[in-house]
A.B. asks: 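Sharing a structure below in structure tokens format, with a few things to ask.
Because the structure is predicted, anything quoted here is derived from the model rather than measured. One is the number of the first residue; the rest follow in order along the sequence.
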Amino acid sequence: VEKTAQKYQEAFIGSAFVLSASLIILLLADNPHGSEEIQGLLAGQILWVSWEQVLITAAIYTIILGLWFQLKNKRRSLFYVTFPVVVTLSVQLVGIYLVFASLIIPALGAEHFKNKLAAGYMMAFLAFTTGLISSIIIDSPAGPTLVGSYALVCSLAYFVRRVEFKKMSIPRHVVPYNDILAEDIY
């Protein structure tokens with residue numbers, strides 16, 4: 001897809017997502033507990049995941065990460081093979097919404113930063129931490145609360161970074177993450 005239809009790559013990914021979600025609904029349509037299963041797959045049950053699920057998933061992620069570093073020259077092919085595995089395992093743990101928010105929103109928020117990867121990780125960490133704490137404090141579903149936190153934190157970082165610091169005379173210490181990553185991000 002990347003080489004032959006690069007222009008449509010995002011459309012293919014989005015189509016695969018919507019097709020998968022639709023198939024899940026169809027498969028669970030006759031299940032008496034189908035609505036609970038669908039809610040679990042969409043919004044997730046991050047606070048109720050068992051340690052067994054976490055350990056099995058961590059072992060598989062470790063194998064995939066090892067392959068990623070061992071096969072550096074085949075990463076593009078490896079990506080397309082491992083991405084569905086990683087996403088499927090992640091969705092079972094935390095839900096579709098949180099998985100895709102974790103993949104997409106920090107990348108968008110980091111767009112105007114020099115070191116996009118470091119900025120994205122910092123935004124994701126801050127969003128996840130504040131979202132999870134907020135979910136516990138206000139007793140709301142963790143998955144949707146985390147998605148909202150990702151959107152809020154990453155949007156703020158995106159727009160704050162977009163501001164022209166010198167023209168507006170905004171001191172650098174006002175910008176989030178300055179003390180943490182300093183010149184790596186700017």
Side-chain angles (χ1 to χ4, degrees), residues 13-14 16-18 20-21 24-25 28 33-66 68 79 82-162 173-182 184-186:
I13 293 169
F17 167 74
V18 93
S20 299
I24 289 168
I25 291 169
L28 295 173
H33 302 286
S35 63
E36 290 88 7
E37 292 291 331
I38 290 171
Q39 181 179 351
L41 286 171
L42 294 176
Q45 298 295 331
I46 191 170
L47 299 177
W48 307 113
V49 174
S50 72
W51 280 107
E52 181 183 4
Q53 288 174 290
V54 171
L55 293 174
I56 290 170
T57 304
I60 295 169
Y61 287 176
T62 302
I63 292 166
I64 290 171
L65 192 60
W68 185 258
F79 172 80
T82 59
F83 185 74
V85 174
V86 171
V87 169
T88 301
L89 289 170
S90 300
V91 165
Q92 291 174 358
L93 293 179
V94 301
I96 291 171
Y97 297 149
L98 186 54
V99 169
F100 280 92
S102 300
L103 290 171
I104 296 167
I105 297 174
L108 291 173
E111 182 59 29
H112 292 294
F113 288 83
K114 178 181 173 185
N115 187 336
K116 291 173 178 41
L117 186 61
Y121 278 131
M122 289 304 296
M123 283 182 248
F125 177 77
L126 182 61
F128 193 86
T129 304
T130 57
L132 197 55
I133 291 169
S134 298
S135 171
I136 292 167
I137 291 171
I138 64 174
D139 193 28
S140 64
T145 304
L146 284 162
V147 171
S149 181
Y150 270 107
L152 179 65
V153 168
C154 296
S155 295
L156 284 172
Y158 175 87
F159 288 114
V160 167
R161 181 63 184 137
R162 195 169 172 207
H173 71 276
V174 173
V175 179
Y177 319 117
N178 190 40
D179 294 334
I180 299 170
L181 297 174
D184 287 340
I185 292 179
Y186 299 103

A.B. asks: For a quick test of reading the model, state the closest non-hydrogen atom pair linking Leu132 to Ala142 and the distance between them.
C.D. replies: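 It is CD1-CB, 4.4 Å.
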
A.B. asks: Among residues two or more places apart or on two chains, list those pairs meeting side chain to side chain donor-acceptor pair (under 3.5 Å) that have a residue in residues 119-133.
C.D. replies: Thr130-Ser149

A.B. asks: Do Leu98 and Tyr150 have side chains that approach each other closer than 4.5 Å (heavy atoms only, starting at C-beta)?
C.D. replies: yes

A.B. asks: In Å and rounded to the nearest 0.5 Å, what is the CD1 to CG distance from Ile64 to Leu89?
C.D. replies: 7.0 Å

A.B. asks: Which pair of heavy atoms, one from Pro106 and one from Gly120, lies closest together, and at what distance?
C.D. replies: CB-O, 3.6 Å

A.B. asks: What residues, two or more places apart in sequence or in another chain, satisfy side-chain contact (heavy atoms from CB on, under 4.5 Å) together with Pro144?
C.D. replies: Ala43, Pro141

A.B. asks: Which residues satisfy the side-chain contact (heavy atoms from CB on, under 4.5 Å) test with Leu93, sequence neighbours excluded?
C.D. replies: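 With neighbours one apart ignored, the set is Val49, Gln53, Thr57.
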
A.B. asks: Output all residues satisfying side chain to side chain donor-acceptor pair (under 3.5 Å) with Glu111, sequence neighbours left out; order by chain, then residue number.
C.D. replies: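 Listed in chain order: nothing, the list is empty.
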
A.B. asks: If a pair satisfies side chain to side chain donor-acceptor pair (under 3.5 Å) and one of its residues is in residues 135-148, list it, with sequence neighbours excluded.
C.D. replies: Ser140-Thr145

A.B. asks: So which heavy atom on Cys154 is nearest to which on Ile105, and how close?
C.D. replies: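 Closest heavy-atom pair between Cys154 and Ile105: CB-CG2, 3.5 Å.
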
A.B. asks: Can you list every side chain to side chain donor-acceptor pair (under 3.5 Å) pair that touches residues 82-91, not counting sequence neighbours?
C.D. replies: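 Those involving residues 82-91 are Tyr61-Ser90.
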
A.B. asks: Roughly how far, to the nearest 0.5 Å, is the CD1 atom of Ile133 from the CG atom of Leu146?
C.D. replies: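 The CG atom of Leu146 sits 10.5 Å away from the CD1 atom of Ile133.
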
A.B. asks: Between Met122 and Phe113, is any pair of side-chain heavy atoms under 4.5 Å apart?
C.D. replies: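 No; the side chains remain at least 4.5 Å from each other.
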
A.B. asks: Applying side-chain contact (heavy atoms from CB on, under 4.5 Å), can you list everything that pairs with Ile63, at least two apart in sequence or on another chain?
C.D. replies: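 Partners of Ile63 under the side-chain contact (heavy atoms from CB on, under 4.5 Å) test: Leu67.
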
A.B. asks: Can you name the residues that form a ring-ring contact (aromatic ring centres under 6.0 Å, His included) with Tyr158, not counting sequence neighbours?
C.D. replies: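 For Tyr158, the residues satisfying ring-ring contact (aromatic ring centres under 6.0 Å, His included) (neighbours in sequence not counted) are His112.
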
A.B. asks: Below 4.5 Å, heavy atoms only, C-beta onward: do Val87 and Phe100 meet side chain to side chain?
C.D. replies: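 When only atoms from C-beta onward are counted, Phe100 and Val87 do touch, with a gap below 4.5 Å.
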
A.B. asks: Thr62: which residues meet the side chain to side chain donor-acceptor pair (under 3.5 Å) condition with it, sequence neighbours left out?
C.D. replies: none

